[in-house]
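Everything on this sheet refers to the single structure shown next.
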Amino acid sequence: MTLTQLEIFSTVAARRGFTAAALQLGISQSGVSHAIEALEQEFGVALLRRGKNLELTDVGARLLRQAQAMLGLAESMRQEASDAQGMKRGTLRIGSFGPTASLRLLPPVLEKYRAVYPGIEVHVDEGPDGEVAQWLTDHRVDIGFVTLPDERFDTFPLMEDQLVALLPLAHPLTKKNAVTLEELCASPFAMTRAGSEDIIGGLFRALRLQPNIRWRSLQLVSTIAAVARGEAVSIVAESALPPDKAQGYVKKPLRPAARRQVALATPDARRMSPAAREFIRMAQEVFPHPAQSTARPAKR
């Protein structure tokens with residue numbers, strides 16, 4: 001078993017195919033196949049189910065998590081060595097969600113980071129907040145944006161904003177100064193998965209309310225469009241809304257008010273790579289936040 005074989009296995013699982021993995025890694029498809037076959041022979045188990053849709057076996061899924069952890073540790077070792085040379089090269093994998101993280105928080109930090117560490121290769125994967133958390137758990141990314149509280153990870157708060165109700169222009173609730181969750185339950189509801197789904201769902205569950213969900217959108221723009229067409233109401237994070245106000249909707253504060261905290265997270269701050277540690281430090285400089293991190297002391 002080699003790190004190269006584990007990297008090929010991890011890439012095949014992520015890309016769900018031998019051809020796509022070969023293209024990403026810059027090697028032949030037969031090379032990918034041989035690496036997987038060698039691992040399966042060494043372990044004595046099938047890692048993948050071949051067919052129209054390539055899938056991990058149950059044991060393959062378990063071994064993948066360990067492979068990703070080993071690859072992450074190996075990268076951390078490389079970067080520790082690189083750190084002694086001024087972090088001239090390395091890789092940083094970031095998980096991001098929705099407009100707040102991907103459009104507001106990430107760009108200014110990336111710009112500063114790349115200017116100081118041009119040799120660090122940064123990879124960004126975007127998905128719903130729940131998926132980013134899973135990537136962190138599986139060590140698919142080194143750091144990721146999460147909403148707080150989240151006790152699974154070491155976290156570093158960056159910003160806080162409020163949740164607001166989105167209403168169609170002609171909706172009766174637009175006449176109110178603020179709206180309640182109970183009032184929103186009377187209309188079809190659009191749920192966005194772009195960074196606030198868990199928080200919004202928790203607000204309704206705390207009051208034992210059930211919104212009339214008609215839309216579940218991966219993209220915030222789809223949620224906004226459903227509201228603008230008059231087909232639903234919604235709740236979103238105010239910082240995620242586009243700056244253009246001519247969107248065909250009205251935003252209203254919630255009563256009682258609800259707030260959301262966004263943070264960077266890592267599975268274990270003590271095992272962070274120098275590249276990840278430096279990115280978090282820069283992020284906290286760009287977005288200073290009074291809340292303290294939950295991180296354990298990092299090993300140096």
Side chain [X], main chain [Y], donor-acceptor under 3.5 Å:
X      : Y      : value
Arg205 : Gln210 : no
Asp154 : Ala269 : yes
Gln41  : Ala38  : no

Who are the side-chain hydrogen bond (donor to acceptor under 3.5 Å, both in side chains) partners of Arg16, not counting sequence neighbours?
-> none
At their closest point, which heavy atom of [X] faces which heavy atom of [Y], and how far apart are they?
X      : Y      : value
Thr100 : Ser239 : OG1-OG, 3.0 Å
Pro267 : Leu136 : CG-O, 3.3 Å
Pro211 : Leu209 : CD-O, 3.9 Å
Phe287 : Pro108 : CZ-CG, 3.7 Å
Asp142 : Ala276 : CB-CB, 4.5 Å
Phe9   : Ala67  : CD2-CB, 4.3 Å

Can you check whether [X] reaches [Y] side chain to side chain, under 4.5 Å on heavy atoms?
X      : Y      : result
Leu6   : Thr4   : no
Val146 : Asp129 : no
Leu56  : Leu48  : yes
Pro242 : Ile224 : yes
Glu197 : Thr192 : no
Ser10  : Leu64  : yes
Val233 : Leu166 : no
Val45  : Thr57  : no

Give a yes-or-no answer on whether the side chains of [X] and [Y] include a donor-acceptor pair shorter than 3.5 Å.
X      : Y      : result
Thr91  : His123 : no
Tyr113 : Glu278 : no
Ser28  : Ser30  : yes

If the threshold is 4.0 Å, N to carboxylate O, is there a salt bridge linking [X] and [Y]?
X      : Y      : answer
Arg152 : Asp150 : yes
Glu238 : Lys251 : yes
Arg259 : Asp161 : no
Arg50  : Glu55  : no

Given the rule in the side chain to side chain contact (heavy atoms under 4.5 Å, CB included) test, do Leu169 and Thr174 qualify, once you have shown the distances and angles that lead to the verdict?
-> CA-CA 7 Å; Leu169 293 177; Thr174 59; over 6 Å; no
Can you tell me if [atom1] on [X] sees more than 12 non-hydrogen neighbours from other groups inside 6.0 Å?
X      : atom1 : result
Lys112 : NZ    : yes
Glu111 : CD    : no
Glu285 : CD    : yes
Glu182 : CD    : no

Could you go step by step and tell me if Lys252 and Leu173 meet the side chain to side chain contact (heavy atoms under 4.5 Å, CB included) rule?
-> CA-CA 9 Å; Lys252 291 288 182 177; Leu173 291 177; over 6 Å; no
Who are the side-chain contact (heavy atoms from CB on, under 4.5 Å) partners of Ala178, not counting sequence neighbours?
-> Pro253, Arg255
Following the transitive rule for hydrophobic clusters with a side-chain heavy-atom cut-off under 4.5 Å over Ile, Leu, Val, Met, Phe, Trp and Tyr, establish whether [X] and [Y] coincide in one cluster.
X      : Y      : result
Met159 : Leu264 : yes
Val221 : Met191 : no
Ile143 : Val124 : yes
Trp135 : Leu110 : yes
Phe43  : Val59  : yes

Distance from [X] atom [atom1] to [Y] atom [atom2], nearest 0.5 Å?
X      : Y      : atom1 : atom2 : answer
Gln5   : Glu7   : CD    : CD    : 11.5 Å
Thr223 : Leu218 : OG1   : CG    : 9.0 Å
Ile8   : Leu25  : CD1   : CG    : 6.0 Å
Arg114 : Leu92  : CZ    : CG    : 10.0 Å
Arg140 : Thr137 : CZ    : OG1   : 13.0 Å
Arg65  : Gln134 : CZ    : CD    : 8.0 Å

Evaluate the side chain to side chain contact (heavy atoms under 4.5 Å, CB included) criterion for residues Ile235 and Val164: first the C-alpha distance (whole Å), next the side-chain angles of each, then the deciding distance (0.1 Å), finally the verdict.
-> CA-CA 6 Å; Ile235 296 175; Val164 295; over 6 Å; no
Hey, mind stepping through Glu126 and Ser96 against side chain to side chain donor-acceptor pair (under 3.5 Å) and telling me if it holds?
-> CA-CA 5 Å; Glu126 185 180 71; Ser96 184; 4.8 Å; no
Under the ring-ring contact (aromatic ring centres under 6.0 Å, His included) test, residues paired with Phe145 that sit two or more places apart = none
Only one of Leu220, Leu163, Ile200 passes side-chain contact (heavy atoms from CB on, under 4.5 Å) with Val236; say which it is.
-> Leu220
Candidate pair Phe279 and Phe156, rule ring-ring contact (aromatic ring centres under 6.0 Å, His included), full reasoning = CA-CA 11 Å; Phe279 186 91; Phe156 304 82; over 10 Å; no
Check the pair Val227 / Trp215 against side chain to side chain contact (heavy atoms under 4.5 Å, CB included), numbers first and verdict last.
-> CA-CA 10 Å; Val227 174; Trp215 292 79; over 6 Å; no
